[in-house]
Asker: 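I have a structure I would like to understand better, so I am pasting it below and will then ask my questions one at a time.
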Amino acid sequence: MAADKEWQGRTDGTPWMHRWLIRVMRVLPLRLMYAGVAVFIVPFYMLFRRSGFRAQWQFFRQRMGYGRMRSLWSTYRNHCQFSQVVLDRFYMFGGGQFRLTADDMPLYRHLAAQPEGFVILSSHVGCYEVAGYTLQAYDKRFNALVYGGEAEAVLQNRRRVMEANNIHTIVTADDMSHVFLMSEALANGEVVSIPADRIYGSPRSIKCRFFGTEARFPLGPFALAAQRSLPVLQVSVMKEGYKHYRVFITDIASDLDATQPIRQRASVMAQRFAGELEAIVRRYPTQWYNYFDFWAS
């Protein structure tokens, strides 16, 4: 877990620790791992990674309107659920499986059966990776943009498991070469998945109403889809119980006028994305994992 002001999702630990964790999770019950982390690891992070604690505390107090004790309890639950998401990922690296419920899957399958490509926008809620490790891309190749600063063991195992499901990972690069790879994939009629709730310091951002005030979202993912007038789905994968996740799929671009300026269409998509994200976070408030001041970004 990481909780810096510029937290970007890198998994803590050394390579040998990650390999050891994968081996251990093939033997020990997942529930036991959850309990151990909740008792020993989460309190450590709450005490010594104060920026992440403050960010979540302020979110529950200022955005959700919780009282002090409820905010403290929700912050603890948030840290526990994030640790479960990390453990779930390593559990899948070792061959474990989760049950997925997806009421809106026909929407995805319809687009997957068409010749043109489309864009999927994700966010740092729940565990979006579970879908990539569990579902197979039968109809067309699926390309997932992933953070290049992640731990090497995580990148390698993520690539290994996803490639088995016909899902190719595109790693972010400082030279922005990943943008060209995504454009090429879309031109080939493939699917491209992009996280769309962090600007990573990029100057290209767009303001959206989010929890009653303005927040900045990255312009790039929405502009990429608008430039090609492609279908866009927003997908969230939320943990609902032990070894059970629910998938939410929403179309945020089908009714847009392709003759409108790119910036205008991108702006509409971004605001819809922010609205859907807020609805998901309000439904699962302890499963939003942005350990920095989102509104100051």
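All values derive from a computational prediction rather than experimental measurement.
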Asker: Do you reckon Met269 sits in the same ILVMFWY cluster as Ile262, going by side-chain contacts under 4.5 Å, direct or chained?
Answerer: no
Asker: How about His244: does its NE2 atom have over 12 heavy atoms from other parts shown lying under 6.0 Å from it?
Answerer: yes
Asker: Kindly say whether Ala38 contributes a backbone atom to a donor-acceptor pair with the side chain of Tyr76 at under 3.5 angstrom?
Answerer: yes
Asker: For Phe211, is there any backbone N or O sitting under 3.5 Å from a side-chain donor or acceptor partner on Glu278?
Answerer: yes
Asker: Are the side chains of Val125 and Tyr284 in touch, meaning some heavy atoms are under 4.5 Å apart?
Answerer: no
Asker: Would the distance check show the side chain of Gln271 and the main-chain N or O of Arg209 forming a donor-acceptor pair, the cut-off being under 3.5 Å?
Answerer: yes
Asker: If you define the side chain from C-beta out and look only at heavy atoms, does anything of Ser205 sit under 4.5 Å from Pro218?
Answerer: no
Asker: Is the backbone of Ser74 close enough, under 3.5 Å, to the side chain of Asn78 for a donor and an acceptor to pair up by distance?
Answerer: no
Asker: Side chain to side chain contact (heavy atoms under 4.5 Å, CB included) for Val235 and Val247? Distances and angles first, verdict last.
Answerer: CA-CA 7 Å; Val235 177; Val247 183; 4.0 Å; yes
Asker: Side-chain donor-acceptor pair under 3.5 Å between Asp251 and Ser254, yes or no?
Answerer: yes
Asker: What is the distance from atom CD of Gln84 to atom CD of Gln287, rounded to the nearest 0.5 Å?
Answerer: 9.0 Å
Asker: Counting N and O atoms only, with roles assigned by atom type, does the side chain of Gln260 sit under 3.5 Å from a partner on the main chain of Arg265, one being a donor and the other an acceptor?
Answerer: no
Asker: Without swapping roles, check the side chain of Ser71 against the backbone of Gly67 for a donor-acceptor pair under 3.5 Å.
Answerer: yes
Asker: What is the distance from atom OG1 of Thr286 to atom CD of Gln81, rounded to the nearest 0.5 Å?
Answerer: 3.5 Å
Asker: Over all heavy atoms of both residues, which pair between Ala223 and Arg204 is shortest? Give the atoms and the distance, please.
Answerer: CB-NH2, 4.2 Å
Asker: Taking atom CG of Leu233 and atom CD1 of Ile252, what is their separation to the nearest 0.5 Å?
Answerer: 8.5 Å
Asker: For the pair Glu129 and Arg89, find out whether any cationic side-chain nitrogen is under 4.0 Å from an anionic carboxylate oxygen.
Answerer: yes
Asker: Minimum heavy-atom separation for Trp57 to Arg68, with atom names?
Answerer: CZ3-O, 3.2 Å
Asker: Just how far is it from atom OG of Ser229 to atom CG of Leu256, taken to the nearest 0.5 Å?
Answerer: 9.0 Å
Asker: Would you indicate whether the side-chain heavy atoms of Phe294 and Trp288 approach each other to under 4.5 Å?
Answerer: yes
Asker: Shared ILVMFWY cluster between Phe180 and Leu219, side chains joined below 4.5 angstrom?
Answerer: no
Asker: Using atom types as modelled and distance alone, determine if a side-chain donor or acceptor of His168 lies under 3.5 Å from a backbone N or O of Asn143.
Answerer: no
Asker: For His178 and Thr172, work out which heavy atoms get closest and say how close.
Answerer: ND1-CA, 3.6 Å
Asker: Can Met92 and Gln97 be said to form a side chain to side chain contact (heavy atoms under 4.5 Å, CB included), step by step?
Answerer: CA-CA 6 Å; Met92 287 182 286; Gln97 294 291 323; over 6 Å; no
Asker: Side chains of His124 and Asn290 only: does a donor on one sit below 3.5 Å from an acceptor on the other?
Answerer: no
Asker: With rounding to the nearest 0.5 angstrom, report the OG1 to NZ distance, Thr213 to Lys207.
Answerer: 9.5 Å
Asker: List the atom of Ala253, the atom of Leu230, and the distance in Å for their closest heavy-atom pair.
Answerer: CB-O, 4.2 Å
Asker: Salt-bridged, Glu276 to Arg272, with N to O below 4.0 Å?
Answerer: no
Asker: Around Tyr242, counting heavy atoms of other residues, nucleotides and ligands shown, do more than 12 lie under 6.0 Å from its OH?
Answerer: yes
Asker: Using every non-hydrogen atom in the two residues, find where Tyr245 and Cys127 come nearest and quote the distance to one decimal.
Answerer: CE2-CB, 3.6 Å
Asker: Would you indicate whether the side-chain heavy atoms of Phe53 and Tyr45 approach each other to under 4.5 Å?
Answerer: no
Asker: In plain terms, say whether Asp103 and Arg246 are close enough for a salt bridge, that is, a side-chain N and a carboxylate O under 4.0 Å apart.
Answerer: yes
Asker: Does any part of the side chain of Leu121, heavy atoms only, come nearer than 4.5 Å to the side chain of Pro221, both counted from C-beta?
Answerer: yes
Asker: With side chain to side chain contact (heavy atoms under 4.5 Å, CB included) as the test, would you mind laying out the steps for Leu186 and Val119 before giving the verdict?
Answerer: CA-CA 8 Å; Leu186 292 171; Val119 176; 4.1 Å; yes
Asker: With side chains defined as the heavy atoms from C-beta onward, is the minimum distance between Ile41 and His79 less than 4.5 Å?
Answerer: no
Asker: Donor-acceptor pair, Lys140 side chain versus Val191 backbone, under 3.5 Å?
Answerer: no
Asker: Give a yes or no on whether Val27 and Trp20 share a hydrophobic cluster (residues Ile, Leu, Val, Met, Phe, Trp, Tyr; joining criterion: side-chain heavy atoms under 4.5 Å apart).
Answerer: no
Asker: Could you go step by step and tell me if Ser123 and Tyr128 meet the side-chain hydrogen bond (donor to acceptor under 3.5 Å, both in side chains) rule?
Answerer: CA-CA 8 Å; Ser123 52; Tyr128 177 69; over 6 Å; no
Asker: Nearest 0.5 Å, what's the OG-CG distance between Ser183 and Leu181?
Answerer: 9.0 Å
Asker: Assess whether side chain to side chain contact (heavy atoms under 4.5 Å, CB included) is satisfied between Leu277 and Phe210, documenting all intermediate values.
Answerer: CA-CA 9 Å; Leu277 177 58; Phe210 189 56; 3.9 Å; yes
Asker: Whether Lys239 and Asp88 form a salt bridge (side-chain N of Lys/Arg under 4.0 Å from carboxylate O of Asp/Glu) is what I want to check.
Answerer: yes
Asker: Please tell me whether Met69 and Leu47 are part of a single hydrophobic cluster in this structure, the criterion being side-chain heavy atoms less than 4.5 Å apart.
Answerer: no
Asker: Between Tyr34 and Ser83, do the side chains contain a donor N or O and an acceptor N or O under 3.5 Å apart?
Answerer: no
Asker: May I ask you to check if Arg63 and Phe59 form a cation-pi contact, with NZ or CZ under 6.0 angstrom from the six-membered ring centre and within 45° of the axis?
Answerer: no
Asker: For Arg49 and Phe44, indicate whether the former's side chain and the latter's backbone hold a donor-acceptor pair under 3.5 Å.
Answerer: no
Asker: Does Asp293 use its side chain to pair, donor to acceptor, with the backbone of Trp295 at less than 3.5 Å?
Answerer: yes
Asker: Should Arg198 and Phe292 count as side-chain neighbours, where that means a heavy-atom distance under 4.5 Å?
Answerer: yes
Asker: Would a 4.5 Å heavy-atom cut-off, applied to side chains only, mark Val130 and Leu100 as touching?
Answerer: yes
Asker: Start with the C-alpha gap between Phe222 and Phe217, add the side-chain angles, then the distance that decides, and say whether ring pair (Phe, Tyr, Trp, His ring centres under 6.0 Å) holds.
Answerer: CA-CA 10 Å; Phe222 307 102; Phe217 287 80; 7.4 Å; no
Asker: Could you pull out the closest heavy-atom pair between Tyr66 and Pro285, with the gap in Å?
Answerer: OH-CG, 3.7 Å
